[in-house]
Protein chains: 2
Amino acid sequence: MPATPKKTNPSMLDVAHHAGVSIATVSNVINRPEKVAEATAERVRAAIAELGFVRNDAARLLATGTTSSIGMVLADLDNSLYVDMAHGAQQGADGVGLRLVLGNAACDMRRQDDYLHLFDEARVAGVLLSPMEDSLDGIERMRSHGRPIVLLNYEQAGVECCTVLVDNEQVGYVAARHLIETGCTRLAFVAARDEYQPVRARRAGVRRAVAEAQGVSLETIDADGLRFEGGQAVAHALAGRTGRPLPDGVVAVTDDLGNGIADGLHTALVAEVPGDIAVVGCEDNRSARSGPVALTTVELRGAKMGEAAAALLLEELNTPAGEHRHRTVTVRPALVERASTAQARLGV
Amino acid sequence: MPATPKKTNPSMLDVAHHAGVSIATVSNVINRPEKVAEATAERVRAAIAELGFVRNDAARLLATGTTSSIGMVLADLDNSLYVDMAHGAQQGADGVGLRLVLGNAACDMRRQDDYLHLFDEARVAGVLLSPMEDSLDGIERMRSHGRPIVLLNYEQAGVECCTVLVDNEQVGYVAARHLIETGCTRLAFVAARDEYQPVRARRAGVRRAVAEAQGVSLETIDADGLRFEGGQAVAHALAGRTGRPLPDGVVAVTDDLGNGIADGLHTALVAEVPGDIAVVGCEDNRSARSGPVALTTVELRGAKMGEAAAALLLEELNTPAGEHRHRTVTVRPALVERASTAQARLGV
DNA sequence: GACTCTGGTTTAAGCGCTTAATTCTCCGCT
DNA sequence: AGCGGAGAATTAAGCGCTTAAACCAGAGTC
């Protein structure tokens, strides 16, 4: 039986032979076409097409020390916020000739580190990271290799790199303010006990809004996790409450949580949203749009963040080493009004 | 002003000098530790740690011709089906030492090709692809370079490679059968006119179920697109219908479409779901779980598909060239009952 | 004491590309 | 005829790693 010829990527040398020129000419056709005579170039291009030649980027990277690929590590693709960031980053990268590859950490710190390591090994031009928690060492490693890294949606004490933030304090403030303006006076802030930095900031914003207002009370409710089920559980706890009056306005620290609360309240027959209790979520996830009741929420503008991050990265890449000054871009969150707070507005 | 020392990745040679050994020994410490004396290895490891050395994967790839990275091109990360596939693939890859990087085509054929090209340039070990439409050339290029590629959720006439399919005919069948079993007799199949292959298959399945049943009618309704808004539009068209009776059971070819129909029917006050009309979606997107009414749907099992794809890829990678026989794994879809068909079951 | 092992280490030849430096041609000028 | 150039193509030196082959003690053997 005849040995199947092992298929493999043709090399530049193959192309060169095929076109009857030297390997350098092939390279020139690809990288500096103006240096080669049109007739020759044409012959080379034909050879490339005929052989199906695709440049070996590893070799190119090795020779030049640069590549146009950048890596992005996302905390959790199940959360549409990060998908939005990916979109924005791709948008931003596309325009300037950078190529974006993604890694999904899937809420796993180890995986996040794995991807950072992978991208470092691959010598990507730069990295976009939406970190899950303090990830100093991974970030430091990148930076110590002179590889730009920009952080999304996380303030990292003690690390200096370009960062894109959403003003999470403002997120909480906008949410609470909206409830207060629609007439709520007994607010509740629902979050997981887990001290995740954006949660803290949003809590602070809610506090500020309440403090500014007259005669508005605030209670903090701990949920179990940040997902739908956690919200349902909170609603059921609320259903069983005696003594203290129920809140009339809830700021849920995530949309999922908000949806869960709305659902739980409804099925437990304690209260209707927004009739009895208004609910505001945070982040404007896909799920907010299509929940049991369309959720008013404060959008983080993931796409904008991703785009800004790509822009910052490009800026750093284009600045001569040493002259770069790190910047922080802060994206302003925006209220998105939907049904879950509509009644209150009409009512009062 | 003193020139800032240009930070860069330390090389193996740096490590070798630092540890007072040759570069080959460093390589051996990393790749075949059993070949080097423990004392030396220890010294080298210390040097690696001290310098923060990270292997240059491009150089390694160039030298060995192989890498453990595989690429996955996803049609649309906004669709949770593909996120599920990514999860499954990662799961599958993780266990066997393959490293998965993602590219989001975002429904853009050009971008899908770009990613295939990128991965080909990067000389990844293999590719996982959920193609959007006929993408013969991109696939052929991969294959002609001897790079394994496995297709997800798409039957590609004329291309032979390993494939993971969901039985889309069965999807339609299961959906329609469920409606019929709950007592519906006037079915409607709602899909975009656009001839997307899975749509055709699901339509065929629906037809088969109807043909098998007694006294059940079927109409086909064309929607504008496969998203929520398309469904709303269909509902409004239905609302204005005269002469012909409304269907009592709807198979929507996607969950978004199903949600849109349920929403449109409700707001137009024509009918309630599931009270008057039962609705079944397809795919089991995240949106199905948290729509205006929880949608009964037929799940495609994206995670299972991703995992199977990774397994097929590994199989091909481990088979000596030429001996590999392409296989197709078919995942059986499964009905997920939720509220949107509950009433019908109780009613009839 | 010459001889073979053998475990440990180094040497050196690539892998496929880029690019500075070089060589080669062919022209136009004097 | 001879010379300087411009333009086009080639040569060759790496980039950072892997790995087969060569080398080099020091320990057994007879």
Side-chain angles (χ1 to χ4, degrees), chain A residues 6 8-45 47-48 51-69 118 120-125 145-147, chain B residues 6 8-45 47-48 51-69 118 120-125 145-147:
Chain A
K6 177 108 186 75
T8 180
N9 292 69
S11 75
M12 261 193 183
L13 196 58
D14 297 330
V15 175
H17 287 155
H18 203 82
V21 296
S22 83
I23 184 177
T25 297
V26 177
S27 177
N28 280 335
V29 168
I30 294 175
N31 301 307
R32 299 114 101 199
E34 75 282 2
K35 311 218 84 171
V36 13
E38 184 47 31
T40 321
E42 196 44 62
R43 222 153 16 106
V44 171
R45 273 187 236 111
I48 288 178
L51 297 180
F53 167 77
V54 173
R55 175 161 63 353
N56 183 331
D57 200 48
R60 177 193 152 85
L61 169 53
L62 193 54
T64 63
T66 60
T67 174
S68 61
S69 297
L118 174 84
D120 203 11
E121 277 195 359
R123 303 293 191 263
V124 295
H145 291 346
R147 183 157 293 109
Chain B
K6 177 110 185 79
T8 182
N9 292 69
S11 75
M12 261 194 184
L13 196 57
D14 297 329
V15 174
H17 287 157
H18 203 81
V21 298
S22 83
I23 184 176
T25 299
V26 177
S27 177
N28 280 335
V29 169
I30 293 175
N31 301 307
R32 299 113 103 202
E34 75 283 1
K35 310 218 86 172
V36 14
E38 184 48 29
T40 320
E42 197 44 61
R43 223 154 16 106
V44 171
R45 273 186 237 110
I48 288 178
L51 297 181
F53 168 79
V54 173
R55 174 158 69 349
N56 183 331
D57 199 51
R60 177 193 151 86
L61 167 54
L62 193 54
T64 63
T66 61
T67 173
S68 61
S69 298
L118 176 92
D120 202 10
E121 277 194 359
R123 302 295 192 261
V124 295
H145 292 166
R147 183 158 294 111

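A, B, ... follow the sequence lines: proteins, then strands. Residue 1 opens every chain.
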Report yes or no: does B:R32 contribute a side-chain atom to a donor-acceptor pair with the main-chain N or O of B:V29 at less than 3.5 Å? no
Looking only at heavy atoms, which two atoms of [X] and [Y] are closest? And how far apart?
X      : Y      : answer
A:A47  : A:H18  : CB-CD2, 3.8 Å
B:V21  : B:V44  : CG2-CG2, 4.0 Å
A:S69  : B:L118 : OG-CD1, 3.7 Å
B:V124 : B:R147 : O-NE, 2.8 Å
A:R123 : A:T67  : O-CG2, 3.3 Å

Protein within reach of the bases, or only the backbone? For nucleotides 14-22 of chain D, mark each nucleotide 5' to 3' as B, S or -, using heavy atoms under 4.0 Å. BBBBSB---
Can you name the salt bridge (charged side-chain N to carboxylate O under 4.0 Å, His left out) partners of A:E38, sequence neighbours left out? A:R45
Mind checking salt bridge (charged side-chain N to carboxylate O under 4.0 Å, His left out) for B:R55 and listing every partner two or more places apart, or none if nothing turns up? A:E121
Counting only pairs under 3.5 Å, give me each side-chain donor-acceptor contact of residues 58-66 of chain A, with atom names and distances, residues two or more places apart or in other chains.
| residue | atom | partner | partner atom | Å |
| --- | --- | --- | --- | --- |
| A:T64 | OG1 | A:R60 | O | 2.9 |
| A:T64 | OG1 | A:T66 | N | 3.1 |
| A:T64 | OG1 | A:T66 | O | 3.1 |

Nearest 0.5 angstrom please: A:S11 OG to A:L51 CG, how far? 9.0 Å
Where along residues 33-44 of chain A does a heavy atom fall under 4.0 Å from DNA chain C? none
Axis bend over the full length of the helix from C:dG1-D:dC30 to C:dT30-D:dA1, computed from five pairs that close each end, to 10 degrees: 60°
